[in-house]
Amino acid sequence: MARVLSGIQPTGDIHLGNYLGAVRGWVDDQHAQDAYFCVVDLHALTLPRDPAELRAKTLETTLLLVAAGLDPDVCTLFVQSHVHEHPELSWILESVASMGELRRMTQFKEKAKEGEESARVALFTYPVLQAADILLYDAEQVPVGEDQRQHLELCRDIALRFNHRYGETFVVPDAVLPKVGARIMDLQRPAAKMSKSADSPQGTVLVLDEPAVIERKFKRAVTDAGTDVTFDPVGQPGVANLLQILGAATGRQPAEVAVGYDQYGPLKADTAEAVIELLRPVRERYADLAADPEAVRSTLRQGAQKAEAIAAVTLARARAAIGLLSRS
Ligand code: AQP
């Protein structure tokens with residue numbers, strides 16, 4: 001049984017991209033693999049956040065993961081900041097990572113919009129913390145969306161370099177991307193990925209959106225000039241995105257889905273319908289769970305204990321390898 005680990009930021013409302021690109025696969029993984037999932041609240045500190053909102057979103061995100069099907073009795077579900085080994089290992093790994101490789105991270109360039117001078121140091125170093133999240137659990141596989149591929153490469157490079165300098169310490173992980181749905185685009189701006197933090201409420205389908213809202217968002221989705229329905233992500237990014245979503249929601253390849261359509265209207269209507277049915281059970285379970293959030297909070301305490309038991313062993317190994325004197 002392979003060990004898998006992945007995480008999600010509590011930085012906003014979980015959207016269809018998060019669901020199709022990551023969370024839905026995690027639900028399957030938990031039964032086939034030794035699975036660890038964390039709500040990465042420390043990553044949320046890379047940009048300005050309201051403290052009360054961050055706390056609330058951390059709990060909401062956890063509730064949503066459980067509503068989506070993560071079973072805390074089957075997988076280990078925890079909050080990143082509850083396991084202090086994460087920032088501790090991150091510091092050790094920062095002594096192995098270079099400024100140059102962090103500067104090449106495209107997410108840093110995109111998110112440091114106001115310029116590097118005013119960007120938080122944490123935004124710059126966050127891929128190293130992400131590497132620590134993964135390496136602490138000896139994860140062999142990391143199921144993520146396409147946007148995380150570069151960070152995963154960095155994590156592998158850091159692990160390999162550490163092992164080379166200080167002896168075999170870390171398992172070198174592989175990224176695992178879904179075959180369809182690895183990069184869901186914004187419905188209003190199909191050149192940009194659907195994102196929690198983008199200011200595009202009509203382009204972002206939230207997992208908890210009411211059916212009528214989902215229908216409206218798809219009806220207004222930007223399509224392309226022309227009338228053909230073919231899967232052409234470069235020439236027809238808007239239509240290709242709809243085909244990808246419908247394919248991911250119904251277990252088919254986007255090109256195969258395209259064969260059944262010669263107009264945009266029916267494609268939009270069917271995509272909306274498939275997404276509504278896909279998300280309906282998640283929304284209903286969320287409503288039940290939100291009525292008693294304390295139950296999920298107690299599973300988070302158990303999750304942190306289970307996670308810490310493994311993280312502590314790996315951290316001790318890394319500390320010893322790099323030459324830190326043990327306390328005992
Ligand atoms: N548009 C997407 N299509 C497919 N997968 C996606 N993921 C995110 N957006 C898409 C995947 O969802 C997982 C959790 O994402 P995250 O919240 O940790 O990171 P993110 O990539 O930063 O997500 P957002 O929604 O874009 O948040 P903000 O705007 O706050 O940065 C990851 O596996 C990610 O690949």
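Note that ligands are numbered from 1 as they come in the structure, with each ligand's atoms numbered from 1 the same way. Along the sequence shown, residues carry numbers from 1.
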> Is there a nitrogen or oxygen of Glu146 sitting under 3.5 Å from a nitrogen or oxygen of ligand 1?
Replying inline: no
> Can Ser6 be said to touch ligand 1, with heavy atoms closer than 4.0 Å?
Replying inline: no
>> Using modelled atom types and a 3.5 Å cut-off, is there a donor and acceptor pairing between side-chain atoms of Thr61 and backbone atoms of Thr58?
In response: no
> For ligand 1, which part of Ile8 has a heavy atom less than 4.0 Å away: the side chain, the backbone, both, or neither?
Replying inline: both
> When you measure from the side chain of Asp174 to the backbone N and O of Gln141, does any donor-acceptor pair fall under 3.5 Å?
Replying inline: no
> Distance-only, no hydrogens or angles: does the Gln30 side chain make a donor-acceptor pair with backbone N or O of Phe37 under 3.5 Å?
Replying inline: no
> Among protein heavy atoms, which sits nearest to atom 12 (O) of ligand 1, and what does the distance come to when rounded to 0.1 Å?
Replying inline: Asn18 ND2, 3.1 Å
> Would you say the side-chain atoms of Arg24 pair up with the backbone N or O of Ala248, donor to acceptor, closer than 3.5 Å?
Replying inline: yes
>> So, 4.0 Å and heavy atoms of Ala182: is ligand 1 close enough to count as a contact?
In response: yes
> What residue and heavy atom of the protein are closest to atom 25 (O) of ligand 1, and at what distance?
Replying inline: His15 NE2, 2.7 Å
> Which ligand 1 atoms are under 4.0 Å away from a heavy-atom of Gly7?
Replying inline: 14 (C), 18 (O)
> How close does the nearest protein non-hydrogen atom get to atom 27 (O) of ligand 1, and which residue and atom is it?
Replying inline: Lys196 NZ, 3.3 Å
> Between Arg220 (side chain) and Gln202 (backbone), is there a donor-acceptor pair under 3.5 Å?
Replying inline: no
> Is there a donor-acceptor pair under 3.5 Å between the side chain of Lys217 and the backbone N or O of Thr204?
Replying inline: yes
>> Please compare Ala175, Pro10, Gly17 and report which has the shortest non-hydrogen distance to atom 2 (C) of ligand 1.
In response: Gly17
> Can you tell me which residue and heavy atom of the protein come closest to atom 30 (O) of ligand 1, and the distance to 0.1 Å?
Replying inline: Thr11 OG1, 3.1 Å
>> I'd like to know if the side chain of Ser6 and the backbone of Pro143 have a donor-acceptor N/O pair within less than 3.5 Å.
In response: yes
> Closest non-hydrogen protein atom to atom 3 (N) of ligand 1, residue and atom name please, with distance?
Replying inline: Ile184 N, 2.9 Å
> Are any of the side-chain nitrogens in Glu153 or Arg104 under 4.0 Å away from the carboxylate oxygens of its partner?
Replying inline: no
> Got the closest protein heavy atom to atom 21 (O) of ligand 1, with its distance?
Replying inline: Asp147 OD2, 2.4 Å
> Is the shortest N/O to N/O distance between Ser197 and ligand 1 below 3.5 Å?
Replying inline: yes
> Which ligand 1 atoms does Gly21 reach within 4.0 Å, using its non-hydrogen atoms?
Replying inline: 4 (C), 5 (N)
>> List ligand 1 atoms under 4.0 Å from Gly181, heavy atoms only on the residue side.
In response: 4 (C)
> Does NZ in Lys109 sit with more than 12 non-hydrogen atoms of other residues, nucleotides or ligands closer than 6.0 Å?
Replying inline: yes
> Side chains of Gln80 and Asp133: do they bring a donor and an acceptor to under 3.5 Å?
Replying inline: yes
> Are any of the N/O atoms in Pro143 less than 3.5 Å from those in ligand 1?
Replying inline: no
> Which option, Lys111, Gln9, Met194, owns the non-hydrogen atom nearest atom 31 (O) of ligand 1?
Replying inline: Lys111
> What part of Ala22, side chain from CB on, backbone N/CA/C/O, both or neither, has a heavy atom under 4.0 Å from ligand 1?
Replying inline: side chain
> Which of the atoms of ligand 1 are close to Arg183, meaning less than 4.0 Å from one of its heavy atoms?
Replying inline: 3 (N), 4 (C)
>> Between the side chains of Arg301 and Glu294, is the shortest nitrogen-to-carboxylate-oxygen separation below 4.0 Å, so that they form an ion pair?
In response: yes
> With a cut-off of 4.0 Å, which atoms of ligand 1 are near a heavy atom of Gly145?
Replying inline: 5 (N), 33 (O), 34 (C), 35 (O)
> Can you tell which of Tyr137, Trp91, Tyr126, Tyr36 makes a ring-ring contact (aromatic ring centres under 6.0 Å, His included) with His86?
Replying inline: Tyr137
> Would you say Ile245 and Val222 are hydrophobically clustered, going by side-chain heavy atoms of ILVMFWY under 4.5 Å?
Replying inline: no
> Please state which protein non-hydrogen atom is closest to atom 20 (P) of ligand 1 and give its distance, to 0.1 Å?
Replying inline: Lys193 NZ, 3.6 Å
